[in-house]
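Structure first, commentary second.
In this chain, residues are counted from 1 in sequence order. Remember, it's a predicted structure, so these values are computed and weren't measured experimentally.
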Amino acid sequence: MISMGVMLMLGGCAKEKPCVAENGIVCYDEENQRYQIEDGARIRVMVENEAYGQALINLWDAEHPEQTGVIEPIVVQNFDAATWLGYKTDIALLWSNDAAQILNNFMPVQPDLEVMIQEHVPQQFGELLNLEGLRYVPMSYYGLVFSTNVTMLNEMGYDSTDENGDGLVDAFDSFEELMALAEEWGGIERIYHDRAVTAVFPFALSELWASMVFFSADQFRFFATYEALRPGMETDEFLETLKFLRAMGEYPWYLNPQEASGEEAAETAADEELDTEEAGVLMADPDTEAPSEEASSEGDENKKTPDNPGEEEEIILPYRSENDRAFEGGWLYDVYLEKLISPFSLVGTWMYYNQQEDIEQQDFYFSPMPTWKEQSLSPLAKTKGYLLSEETKYPSAANEVLRLIRSEAGIQAYMDTVDEIPAVTVVDRPENRPAPENEEAEGKGESDKIVPYYLSFRNENQRQISHAFSLSQEESMVAFEKDPSVRGWDMLSEIGLIEIAESVIKQEMTPEEAQLKLLERSESWMTPYKPAEEVPES
């Protein structure tokens with residue numbers, strides 16, 4: 001008993017050995033909220049240009065004056081797997097789909113850093129890469145966002161108020177409201193600044209990647225379960241996307257000249273003579289076959305009947321042939337900026353929207369997509385982001401470099417030196433930052449409160465587009481277990497998804513028929529990748 005007491009006293013007096021960052025050990029300084037730096041540490045970081053590389057060095061030297069010269073920027077032009085494998089830097093900068101190809105080369109960030117990063121990063125990007133810890137940290141976006149020409153709307157006499165500051169004009173923040181505008185314009189061109197406005201919204205289904213936004217109604221996402229054999233096309237949410245596509249075909253998004261003549265004038269007159277009863281019937285061209293019995297009965301099934309007195313009547317309008325241009329002419333999103341052909345459009349990050357805004361003296365707002373049945377649609381976006389190499393000799397220093405990169409000062413340095421759309425959430429304007437004496441109190445609020453970053457964007461367009469992307473989606477990277485070199489996403493371009501969507505829009509196929517057709521094709525396409533027990537005997 002005496003011996004045990006002596007041992008307990010000695011144990012109670014013993015101090016915990018301090019953490020020392022060496023030999024692969026990562027040490028986090030709770031008091032200063034940063035990671036220790038190994039002696040002689042040297043961290044090679046892929047960067048997009050020399051200016052950002054120097055900005056990182058300056059940040060590091062200001063934060064760690066006692067140990068400078070740790071960061072070695074490596075300027076690269078390509079952010080693919082082959083480039084990183086050639087350099088093997090301690091910190092990689094890769095497109096997310098390239099990171100997925102070589103993910104086993106990277107390690108998760110430390111838990112303390114993961115918490116800090118995830119407060120200000122869009123977590124839907126790189127989800128599959130981060131299922132077992134945060135490996136991939138998005139830095140910038142590439143893709144399409146919705147745009148509204150508020151100058152055009154104002155000059156045409158429409159209210160362009162945006163009270164909630166989401167970039168969407170309140171009067172046109174849903175597709176139902178856009179459809180009402182298309183119906184009001186009746187397929188006839190307007191003149192603006194001596195130019196023809198040839199579309200309300202020049203939507204196009206000519207390319208799969210850009211068209212994916214139209215398959216996101218009701219929050220539908222392909223491969224949402226992270227299973228390549230389960231694309232999700234059997235769900236009610238996917239059926240709703242097809243119903244949305246059908247509805248898009250019922251309104252004249254593309255416009256005819258005001259002085260229509262010949263066949264166009266005859267078609268317009270015929271459309272105007274449709275009465276209420278005819279509006280609920282699927283119309284067929286006299287030179288084509290009559291619609292199938294199933295298609296023609298769809299409207300009747302959806303009408304309110306004595307057996308279903310509580311159901312709302314669904315009126316299906318005839319297809320508007322003006323929309324043929326959505327399939328024949330390709331997209332016109334860049335023409336929206338250059339020739340002012342419409343009040344609404346999609347705009348890509350690679351387009352010269354800042355320059356065109358100045359040249360045309362127009363105010364283009366950028367925003368998330370309008371809603372459909374109160375659910376926002378989501379275009380696809382790509383991201384490139386940072387990852388920590390599994391083989392770095394200095395993991396503690398590497399985590400500290402990534403902490404600086406994703407800190408408020410680090411994101412500001414990135415925005416000041418790199419002409420990209422930053423991937424960041426929970427952002428406020430610098431003028432709203434509390435006084436220094438209030439900052440500590442702000443950080444000690446409710447435990448679930450996230451203190452925003454106070455960032456100075458290059459211009460309002462950059463701020464709006466960054467926010468818009470925070471509600472976008474990325475293409476699924478889930479691969480087949482039987483053959484990891486093949487992704488489930490690869491199937492979408494090979495089963496005629498766009499062609500069937502066109503048939504739905506043109507009312508040549510009902511949404512239900514299209515769903516069954518796509519299910520059949522997808523099951524057939526995936527057969528070689530199914531486990532033997534799931535393949536039916538021939």
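- Relative ring orientation between Y158 and W185 is described as tilted, the plane-to-plane angle lying within the 30° to 60° band.
- Here S345 contributes atom OG and L340 contributes atom CG; the two are 11.5 Å apart, rounded to the nearest 0.5 Å.
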Derivation of the side chain to side chain contact (heavy atoms under 4.5 Å, CB included) call for Q462 and M415: CA-CA 10 Å; Q462 188 187 42; M415 292 166 55; 4.1 Å; yes
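- Within the 4.5 Å cutoff, the side chain of V347 has no heavy atoms near those of the F364 side chain.
- A salt bridge does not link K384 to D98: none of the charged nitrogens lies less than 4.0 Å from a carboxylate oxygen.
- For Q515 (side chain) and T235 (main-chain N/O), a donor-acceptor pair under 3.5 Å exists by modelled atom type.
- Under a 3.5 Å cut-off, the side chain of Q412 and the backbone N or O of S407 do not form any donor-acceptor pair.
- No side-chain donor from either of S160 and Y365 sits under 3.5 Å from a side-chain acceptor of the other.
- A side-chain hydrogen bond (donor to acceptor under 3.5 Å, both in side chains) with S378 is found for one member of Q473, R221, Q124, E474 and no other, namely R221.
- The shortest non-hydrogen separation linking T425 to V121 is OG1-N, 3.6 Å.
- A distance-only check finds a donor-acceptor pair linking the side chain of Q362 to the backbone of E360 [under 3.5 Å].
- E207 places a side-chain N or O within donor-acceptor distance of the main-chain N or O of A210, the cut-off being under 3.5 Å.
- Taking the side chain as every heavy atom from C-beta outward, S466 and Y141 approach each other to under 4.5 Å.
- Tested against M369 for a side chain to side chain contact (heavy atoms under 4.5 Å, CB included), the candidates D173, L377, L471 yield a single pass: L377.
- Counting heavy atoms from C-beta outward, W253 and S342 have side chains that stay 4.5 Å or more apart.
- Results of the ring-ring contact (aromatic ring centres under 6.0 Å, His included) test with W372 over F215, F244, F220, F214 single out F244 as the only residue that passes.
- Relative ring orientation between F201 and F203 is described as parallel, the plane-to-plane angle staying below 30° on a 0-90° scale split at 30° and 60°.
- No side-chain heavy atom of E189 sits under 4.5 Å from any side-chain heavy atom of V197.
- Summarising the geometry, atom CG belonging to L168 is positioned 13.0 Å from atom OG1 belonging to T161; distances are rounded to the nearest 0.5 Å.
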For E523 and K530, what are the C-alpha separation, side-chain angles and deciding distance, and is it a salt bridge (charged side-chain N to carboxylate O under 4.0 Å, His left out)? CA-CA 9 Å; E523 287 297 315; K530 293 180 178 180; 2.4 Å; yes
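- Looking at Y251 and N323, their side chains never come closer than 4.5 Å, going by heavy atoms from C-beta outward.
- E127 and Y226 form a side-chain donor-acceptor contact under 3.5 Å, judged by distance and modelled atom types alone.
- Judged by distance alone, the side chain of D428 and the main-chain N or O of R433 form no donor-acceptor pair under 3.5 Å.
- Across all their heavy atoms, P252 and V200 have their closest contact at O-CG2, 4.1 Å.
- Taking the six-membered ring where the residue is Trp, Y529 and F480 present parallel rings, their angle staying beneath 30° rather than reaching 60°.
- Annotation: side chain of F222 is in contact with side chain of M233 (closest heavy-atom distance under 4.5 Å).
- Of the options V427, I421, V426, a side chain to side chain contact (heavy atoms under 4.5 Å, CB included) to V424 is made by V427 and by none of the others.
- Salt-bridge annotation for K517 and E513: absent, with no side-chain N of the basic residue lying under 4.0 Å from a carboxylate O of the acidic one.
- N130 and R135 make their closest contact through OD1-N, 2.8 Å (heavy atoms, listed as atom of the first residue, atom of the second, distance).
- Closest approach of A196 and I191 over heavy atoms only: CA-CD1, 4.1 Å.
- The number of heavy-atom neighbours closer than 6.0 Å to CD of E374, taken from other residues, nucleotides and ligands shown, is 12 or below.
- Side-chain N or O atoms of D170 include one that pairs as donor or acceptor with a backbone N or O of E163 at under 3.5 Å.
- The structure places CG of L332 at 9.0 Å from CZ of R325, a figure rounded to the nearest 0.5 Å.
- Here the options are F146, F344, Y353, the test is ring-ring contact (aromatic ring centres under 6.0 Å, His included), and the partner is F366; only Y353 passes.
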For I500 and M509: C-alpha separation, side-chain torsions, deciding distance, then whether side chain to side chain contact (heavy atoms under 4.5 Å, CB included) applies. CA-CA 8 Å; I500 289 177; M509 186 180 292; 4.0 Å; yes
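- Within the 3.5 Å criterion, the main-chain N or O of G167 finds no donor-acceptor partner in the side chain of Q464.
- Here L497 contributes atom CG and L205 contributes atom CG; the two are 8.5 Å apart, rounded to the nearest 0.5 Å.
- Between atom OG of residue S472 and atom NE2 of residue H467 there is a gap of 10.0 Å, rounded to the nearest 0.5 Å.
- Ion pairing of R320 with E322 is present here, as a side-chain N (NZ or NE/NH1/NH2) and a carboxylate O approach within less than 4.0 Å.
- Shown are L229, V478, L128; of these, the side chain to side chain contact (heavy atoms under 4.5 Å, CB included) with F223 is made only by V478.
- Side chain of D490 to main chain of R487: a donor-acceptor pair is present (N/O by atom type, distance under 3.5 Å, no hydrogens or angles).
- Counting heavy atoms from C-beta on, the side chains of D363 and E357 come closer than 4.5 Å.
- G249 and Y319 get closest at one heavy-atom pair: O-CD1, 3.2 Å.
- In this structure, the side chains of S367 and D166 stay at 4.5 Å or more apart for every pair of heavy atoms.
- Closest of all the heavy-atom pairs between W95 and Y136 is C-OH, 4.4 Å.
- Formation of a donor-acceptor pair under 3.5 Å by the N432 side chain with backbone atoms of Y454 is not found in this model.
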Does the pair E475 and L492 meet the rule for a side chain to side chain contact (heavy atoms under 4.5 Å, CB included), with working shown? CA-CA 11 Å; E475 63 183 59; L492 300 181; over 6 Å; no
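- Between E460 and R429, at least one side-chain nitrogen of the basic residue sits less than 4.0 Å from a carboxylate oxygen of the acidic one, meeting the salt-bridge criterion.
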E155 vs H193, test: side chain to side chain contact (heavy atoms under 4.5 Å, CB included). Steps then yes/no. CA-CA 10 Å; E155 293 184 14; H193 287 205; 2.8 Å; yes
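- Distance alone, capped at 3.5 Å, is enough to place a donor-acceptor pair between the Y336 side chain and the N149 backbone.
- No side-chain donor-acceptor contact under 3.5 Å links H120 and E408.
- Atom-to-atom distance recorded for I495:CD1 and I498:CD1 is 10.5 Å, nearest 0.5 angstrom.
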Please walk me through it: do Y52 and Y414 pass ring-ring contact (aromatic ring centres under 6.0 Å, His included)? CA-CA 6 Å; Y52 176 55; Y414 184 80; 5.2 Å; yes
